[in-house]
Amino acid sequence: MSKSLRGMVLRGNFIHAPLPGEVETVLDALMVVGNDGTITALYPTGHPDRGAVEAKATADGELVSFGSADYILPGFVDLHVHAPQYPQLGLALDVPLEVWLGKYTFPLEARYADLDFARQSYSTLVADLLRNGTTTALYFATVHEEATKLLVDLCLALGQRALVGKVAMDNPKTCPDYYRDASAAGALAATRAIIDYVRAHADNGEGRVLPVITPRFIPSCTDELLEGLGHLARDSGCHVQTHCSESDWAHSYVLDRHGMTDTASLDRFGLLGRRSVLAHATRLTEDDKDSIIAAGAAVAHCPLSNAYFGDAVFPLRAALEKGMHVGMGTDISGGPSASVLETARMAIAASRILESGADPDRPPEARQRPASRIDFRTAFHVATAGGGIALDLPIGQFAPGYHFDALRIDTAAPEGGIRIFGETDPDLILQKIIYTASRANIGSVWVGGQPV
Ligand code: GUN
Ligand code: ZN
């Protein structure tokens with residue numbers, strides 16, 4: 001299925017989850033995709049106009065019919081990816097965050113001064129993520145302006161919807177000499193240059209790539225830089241991404257330096273807004289949660305990475321029930337998977353462990369956190385619509401006005417992980433997809449109606 005779906009009428013099975021825990025399935029429906037790649041209409045069976053729309057599309061040669069074993073899902077939204085860390089995926093998981101950064105990660109990221117290396121690594125990553133069904137990614141790049149521009153170019157060339165940030169980190173007390181911005185002013189100038197580059201890019205007429213203001217995390221930035229980035233966020237209207245209260249060490253570093261939590265400090269610097277995405281956030285106080293919700297900011301839930309570096313499980317269900325915006329993050333390479341689907345599975349498992357507790361030597365009452373579990377429906381929501389809501393973008397759902405960013409799951413792919421034993425109930429099919437689909441089940445991926 002390698003042709004563009006722009007201006008076409010699609011006939012098939014569609015599944016999406018606009019709300020946590022609530023899945024909508026429309027079997028054998030018609031979906032109309034406009035010439036700009038957005039959805040213009042959806043006609044379920046029984047809709048009075050469905051027959052006429054299908055007849056006209058057929059006559060005009062604009063009908064695309066999927067198979068009965070095919071299910072069209074919104075593309076996955078990965079809210080937290082360190083693009084330069086892809087060569088390290090599956091490695092370097094043996095030490096805590098503050099050691100990991102200096103021992104493995106900064107030396108790797110410093111290599112992106114070399115544009116040949118950057119090209120090879122970034123093109124592999126973007127192609128792999130698309131194959132895994134990630135139609136939108138929120139990327140941390142590196143401190144390097146040129147390599148960050150290259151990542152923008154590659155996302156546009158390969159067709160991925162992406163938000164790309166030059167990492168800002170200028171604190172000589174926490175960042176090595178060989179890998180940091182030389183000054184706050186230099187980091188701000190380079191961030192502005194990337195914003196201009198993305199917005200003026202000749203291939204970015206549809207705005208498929210957006211710039212992001214990216215203070216790495218408070219420990220790696222001086223107050224001067226945080227203040228400047230806060231002003232830039234307000235003036236430019238750009239998204240903001242950073243790490244927030246990720247581990248015991250990171251959380252207490254900010255308490256010691258600023259006398260307040262990460263969330264409160266980010267808010268004070270003007271970095272907590274509707275388009276801010278805070279990665280991890282495992283140590284939020286009740287006040288922090290209230291501030292994040294009041295600002296309309298979001299958390300990138302990175303359950304796999306949190307198992308290695310986070311020292312705790314993010315209480316996802318409670319956050320969603322409070323009304324917090326939450327999307328899924330692989331946190332490549334803190335999380336050793338490049339798949340949002342695998343990460344969603346981990347989110348379910350982590351929520352079950354949070355609910356039941358982990359230490360068998362404690363009595364149940366002392367180890368449990370009741371009502372913490374999420375199910376596959378909520379994990380699906382967070383991995384798709386939740387990410388779209390977090391980013392304030394019309395993605396992750398099938399509704400008029402939303403981009404047709406989608407993937408086709410072939411539940412009958414012989415090499416895939418899904419095995420159907422006569423199930424027809426779409427809730428069971430989705431459950432099998434979420435738990436057992438592998439890359440071989442992802443038959444096609446589209447961004448803005450175009451195959452990628
Ligand atoms: N905190 C600061 N930098 C990083 C990073 O690259 N990964 C993770 N997981 N946490 C961070
Ligand atoms: Zn991260």
Side-chain angles (χ1 to χ4, degrees), residues 78-112 121 125 137-144 148 151 163-171 173-176 179-181 187 212 214-222 225-226 229 239-254 257 262-263 265-266 271 276-283 298-314 327-338 340 343 346 390:
D78 194 336
L79 271 198
H80 191 55
V81 186
H82 292 272
Q85 296 174 18
Y86 197 40
Q88 186 169 274
L89 190 79
L91 303 176
L93 297 164
D94 57 329
V95 289
L97 177 67
E98 63 276 21
V99 179
W100 176 82
L101 288 170
K103 181 174 178 187
Y104 301 113
T105 302
F106 292 156
L108 171 59
E109 292 193 11
R111 293 180 62 194
Y112 287 74
S121 167
L125 170 72
L138 175 55
Y139 286 120
F140 278 61
T142 61
V143 297
H144 313 100
T148 303
L151 179 58
L163 300 94
V164 178
K166 179 215 112 68
V167 172
M169 45 189 280
D170 70 328
N171 186 355
K173 294 192 182 129
T174 53
C175 307
Y179 186 59
R180 71 160 183 264
D181 290 296
V212 196
T214 308
R216 183 172 204 119
F217 65 156
I218 290 172
S220 66
C221 300
T222 60
L225 178 54
L226 293 166
L229 292 173
H239 287 78
V240 173
Q241 62 178 343
T242 191
H243 298 87
C244 172
S245 296
E246 173 177 2
S247 69
D248 290 326
W249 168 78
H251 184 56
S252 29
Y253 173 96
V254 179
R257 185 172 129 196
D262 286 46
T263 304
S265 182
L266 292 167
L271 291 163
S276 299
V277 177
L278 312 179
H280 309 285
T282 51
R283 295 288 178 295
V299 166
H301 177 39
C302 307
L304 196 47
S305 168
N306 289 345
Y308 292 94
F309 298 103
D311 304 325
V313 174
F314 172 72
M328 204 69 78
T330 57
D331 191 23
I332 292 167
S333 67
S337 168
V340 174
T343 305
M346 182 65 199

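Atoms within each ligand, like the ligands themselves, are counted from 1 in listed order.
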Decide, yes or no, whether a salt bridge links D181 with K166 under the criterion of side-chain N to carboxylate O below 4.0 Å.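 Salt bridge flag = yes for K166 with D181.
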
Within a distance under 4.0 Å of any heavy atom of [X], pick out the atoms of ligand 1 and give their elements.
X    : answer
L101 : 3 (N), 4 (C)
D331 : 8 (C), 9 (N)
L97  : 8 (C), 10 (N), 11 (C)

Look at the rings of H80 and H280 and say which category their plane angle falls in: under 30° parallel, 30 to 60° tilted, over 60° perpendicular. perpendicular

Using the ring of each side chain (for Trp, its six-membered ring), is H82 parallel, tilted or perpendicular to H243, with breaks at 30° and 60°? parallel

Apply side chain to side chain contact (heavy atoms under 4.5 Å, CB included) to the pair I332 and L125, showing each step before the final yes or no. CA-CA 10 Å; I332 292 167; L125 170 72; 4.1 Å; yes

So among W249, Y104, W100, which one has a ring-ring contact (aromatic ring centres under 6.0 Å, His included) with F309? W100

The Zn ion (ligand 2) to nearest N/O/S of E246 less than 2.8 Å: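 Coordinating: no.
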
Is the distance from the Zn ion (ligand 2) to some N, O or S atom of H82 under 2.8 Å?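 Here the distance criterion (N, O or S atom, under 2.8 Å) is met by H82, so yes.
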
Give the atom name of whichever N/O/S atom in D331 sits closest to the Zn ion (ligand 2). OD1

Atom name, H80 (N, O or S, nearest to the Zn ion (ligand 2)):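 Restricting H80 to its N, O and S atoms, the minimum distance to the Zn ion (ligand 2) goes to NE2.
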
Of the protein's non-hydrogen atoms, which lies at the shortest distance from atom 10 (N) of ligand 1, and what is that distance?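 The protein heavy atom lying closest is E246 OE1, 2.6 Å.
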
Looking only at protein heavy atoms, which one is nearest to atom 6 (O) of ligand 1, and what is the separation?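 It is R216 NH2, 2.7 Å.
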
Under 3.5 Å side-chain donor-acceptor pair for E109 and Y179: yes

Which bit of W100 gets closer than 4.0 Å to ligand 1, counting heavy atoms only: side chain, backbone, both or neither?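 For W100, only side-chain atoms sit under 4.0 Å from ligand 1.
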
Looking at ligand 1, is there an atom of it that comes within less than 4.0 Å of some heavy atom belonging to F309? no

Regarding ligand 1, does Q85 bring an N or O atom to under 3.5 Å of one of the ligand's N or O atoms?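 There is such a contact, yes.
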
Before you tell me yes or no, could you show the steps for D311 and T282 under side chain to side chain contact (heavy atoms under 4.5 Å, CB included), namely the whole-Å CA-CA distance, both residues' side-chain angles and the distance that decides it to 0.1 Å? CA-CA 8 Å; D311 304 325; T282 51; over 6 Å; no

T343 side chain vs G329 backbone, donor-acceptor pair below 3.5 Å: no

